[in-house]
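Below you'll find the structure, written out as C-alpha cells, and then a few comments.
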Amino acid sequence: MPKKKQLEIKVEPSVIRWAIQSSGWKIDEISPKIQVTTENINKWISGDKNPTLRQLEALAKKIKRPLAAFFLPSPPEERHLPEDFRMSSEKTGALSKDVLLAIRRARRFQSVSSELLANLNQSSKPTIGIFNTSDDVKRIASEERELSKISLDTQSEWKSPHKAFRAWREYIESKNIIVLQVKMPPEEVRGLSIIDEEPYVIVVSSGDNPYARIFTLLHEYAHILLKKQGICLPEEFLKNNPKYPEIEKWCDSFAGNFLIPNKEFNTDMNFISSDKLTSRDTLTTLSNRYCVSKGAILTKMRIMDKISKPEYDNKMGSYEKEEIKPVIKKEGKKESKPMKLSLDKQCVRDRGNKFISLVIENVNRQHITNNDALDYLSIKLKHWNKMLKNPTEIKK
C-alpha cells in the first residue's frame, strides 16, 4: 500500500531563513537532525517547495522556536546582541547555537519580568548609581561592598562557592536586576549583561566553575554600573587581545576589589612571610577566607605587587588547570561532582529568587494562571505545588 502523501504547509521563505540563521544552526547540520535533505531545506528558503507539518514541527523543536513563529507573515525584528561583543581571532564572529539560545532565553525572561513587575505596579528600574571608567574603581567597589552589608567575617563563614554565589546574587537582585544561570559553553562565553530594556538582566554560564561564576557575576554587575552591556569572554582570549578594552579592565578591577577588599587583604599579607605567599597552604587559607579561587588570590597578589610576574605565571598555570572543573566544599571535604538537584531547586538555581518570587506573587494576586507559571518556570505541576507549599525554601 503506497504511503499517504503528507499535506505541505505554506510558509513564508524569509521566515524559514530567519529561523534557521538566528538559531546558529547551519543547513548541513540541521538536515540530518530533522531527516530532510539540504536540497529540500534550500528549496523551502527559496520558495520552490513547502515543508510538511511534521517537518516543520521537527525543525521548530530542534532550533527551539515555537511552531507559531513559522506562520508569521515576515521575520520579526530582533534586538541586537550586546554592543561590545568580541570574539577571538580563531572564531568567525558567529556565536554558537548554545549562546544564541541563551541570549534568546534571557530576552524572554526580561520581557516576562517586565510584565510581572507592571502587574504588581512595581518599577523595573534598577536602584543603582551610574559611573564611568574614569571614576575611581577601588572607591566604587569599596562603596558597593559597604552597601551589600556583607562583612568579611560573614564571607569567611561560607562553606562553598555556591553559597557565596547565592549571597552575592541576592544582593544584586535586591537592586531590581534579574540574575539567571543558563547553559553556555564557558570556553566561549562566561556571562553577559543586557540593559537595552528594563529590568536589566545578568546571565552567568551554569557550566562554568563555581568560583568563576562568582567573578563573572560581579564583572557583569560592573558592566551595569557603567551602563555598558556586554559579553564576558574567557580570560585566555582577553589577556592576549591587544584590543582588550578599558571597560573590561575596569569591570575586572571592580570584581576583584569588591570580592577581596584591599584593606583586609593588606592586613592578611602582613602576617605571611614572603617565602610562603604562594604556598598551597597559604593560597588555600586565603581562598577559603574570601571564598574565591586560588587564581583570584594570585591575581590580587600580583596586582598589589606582592609577587613577581614570573612567580605569578608559574603558579597561575597550575591552578588554572586545577580549577577548570567544578569543586564543592562540604564540611572540609572536596567532592569532584556537584550534587544533583531536584527540578524545583534547579529552577530556583537557574532563574533566581527574584524572578520566581515575581511569578508566585502574580499567581497569588491572580494576574497570571498556574499554567502561565509552569510555562515561565519550565516545571511540572508537582514541582510548582512544592514551591507554593514551601515558599521559604526559595530563600535557602
Side-chain angles (χ1 to χ4, degrees), residues 137-146 148-169 171 190 204 208-219 221-222 235-236 239 249 251-336 338:
V137 67
K138 292 179 183 177
R139 175 183 61 79
I140 293 165
S142 177
E143 290 173 355
E144 278 288 329
R145 181 60 191 254
E146 286 182 23
S148 76
K149 292 184 169 54
I150 295 176
S151 68
L152 183 56
D153 287 340
T154 298
Q155 187 176 351
S156 300
E157 291 170 0
W158 293 333
K159 299 300 181 185
S160 76
H162 299 283
K163 189 166 185 178
F165 182 88
R166 287 197 296 271
W168 297 130
R169 178 190 208 172
Y171 168 64
R190 310 197 86 154
V204 177
D208 209 352
N209 179 285
Y211 285 118
R213 288 184 232 171
I214 295 170
F215 193 89
T216 297
L217 175 66
L218 271 301
H219 175 100
Y221 180 57
E235 293 172 17
E236 305 78 48
K239 287 175 183 174
K249 293 177 184 176
C251 293
D252 277 350
S253 182
F254 173 89
N257 283 287
F258 183 97
L259 293 168
I260 312 174
N262 283 344
K263 183 179 177 181
E264 289 83 353
F265 194 73
N266 258 324
T267 301
D268 290 336
M269 294 294 96
N270 291 334
F271 290 97
I272 304 169
S273 60
S274 58
D275 61 323
K276 298 287 186 183
L277 281 177
T278 60
S279 71
R280 179 172 287 274
D281 285 347
T282 296
L283 293 174
T284 299
T285 298
L286 292 173
S287 173
N288 290 338
R289 175 164 166 72
Y290 293 95
C291 210
V292 297
S293 69
K294 295 180 182 71
I297 297 296
L298 283 166
T299 299
K300 188 75 174 182
M301 287 180 177
R302 177 63 194 134
I303 289 171
M304 299 181 75
D305 288 323
K306 301 296 182 181
I307 58 175
S308 66
K309 189 174 188 306
E311 281 181 292
Y312 172 78
D313 290 339
N314 179 46
K315 289 289 183 178
M316 196 64 173
S318 60
Y319 282 117
E320 277 180 340
K321 290 177 183 177
E322 183 180 304
E323 293 173 345
I324 287 174
K325 293 183 179 180
V327 175
I328 295 177
K329 292 188 301 179
K330 188 178 181 182
E331 297 178 358
K333 296 181 180 179
K334 289 184 179 180
E335 300 176 0
S336 59

Kindly indicate whether the side chain of Lys300, heavy atoms from C-beta on, has any atom under 4.5 Å from the side chain of Asn262. yes
Point-to-point distance, once rounded to the nearest 0.5 Å, from CD of Glu157 to SG of Cys291: 11.5 Å
A side-chain contact here means heavy atoms from C-beta on lying under 4.5 Å apart; do Phe254 and Glu144 qualify? yes
For a 4.5 angstrom cut-off between non-hydrogen side-chain atoms, does Tyr221 reach Tyr171? yes
Show your reasoning for whether ring-ring contact (aromatic ring centres under 6.0 Å, His included) applies to Trp168 and Phe258. CA-CA 10 Å; Trp168 297 130; Phe258 183 97; 5.0 Å; yes
Considering only heavy atoms from C-beta outward, does the side chain of Lys306 approach that of Asn266 to under 4.5 Å? yes
Step by step, work out the side-chain hydrogen bond (donor to acceptor under 3.5 Å, both in side chains) result for Thr285 and Thr282. CA-CA 5 Å; Thr285 298; Thr282 296; over 6 Å; no
Distance check, rounded to the nearest 0.5 Å: Leu286 atom CG versus Asp268 atom CG? 6.0 Å
Would Thr284 and Ser287 count as a side-chain hydrogen bond (donor to acceptor under 3.5 Å, both in side chains) if you check the C-alpha gap in whole Å, the side-chain angles of each, and the deciding distance to 0.1 Å? CA-CA 5 Å; Thr284 299; Ser287 173; over 6 Å; no
Answer yes if the side chains of Tyr290 and Ser156 hold a donor-acceptor pair under 3.5 Å, and no otherwise. no
Between Val137 and Lys249, is there a side-chain heavy-atom distance shorter than 4.5 Å? no
Answer yes or no: does atom NZ of Lys138 have more than 12 heavy-atom neighbours from other residues, nucleotides or ligands under 6.0 Å? no
Before giving the answer on salt bridge (charged side-chain N to carboxylate O under 4.0 Å, His left out), spell out for Lys315 and Glu311 the whole-Å C-alpha distance, their side-chain angles and the decisive distance to 0.1 Å. CA-CA 6 Å; Lys315 289 289 183 178; Glu311 281 181 292; over 6 Å; no
With sequence neighbours excluded, what pairs up with Ser273 under the side chain to side chain contact (heavy atoms under 4.5 Å, CB included) test? Asp275, Lys276
Could you work out, with salt bridge (Lys or Arg N to Asp or Glu O under 4.0 Å) as the rule, every residue matching Arg145, not counting sequence neighbours? none
Contacts of type side chain to side chain donor-acceptor pair (under 3.5 Å), residue Thr278, not counting sequence neighbours: none
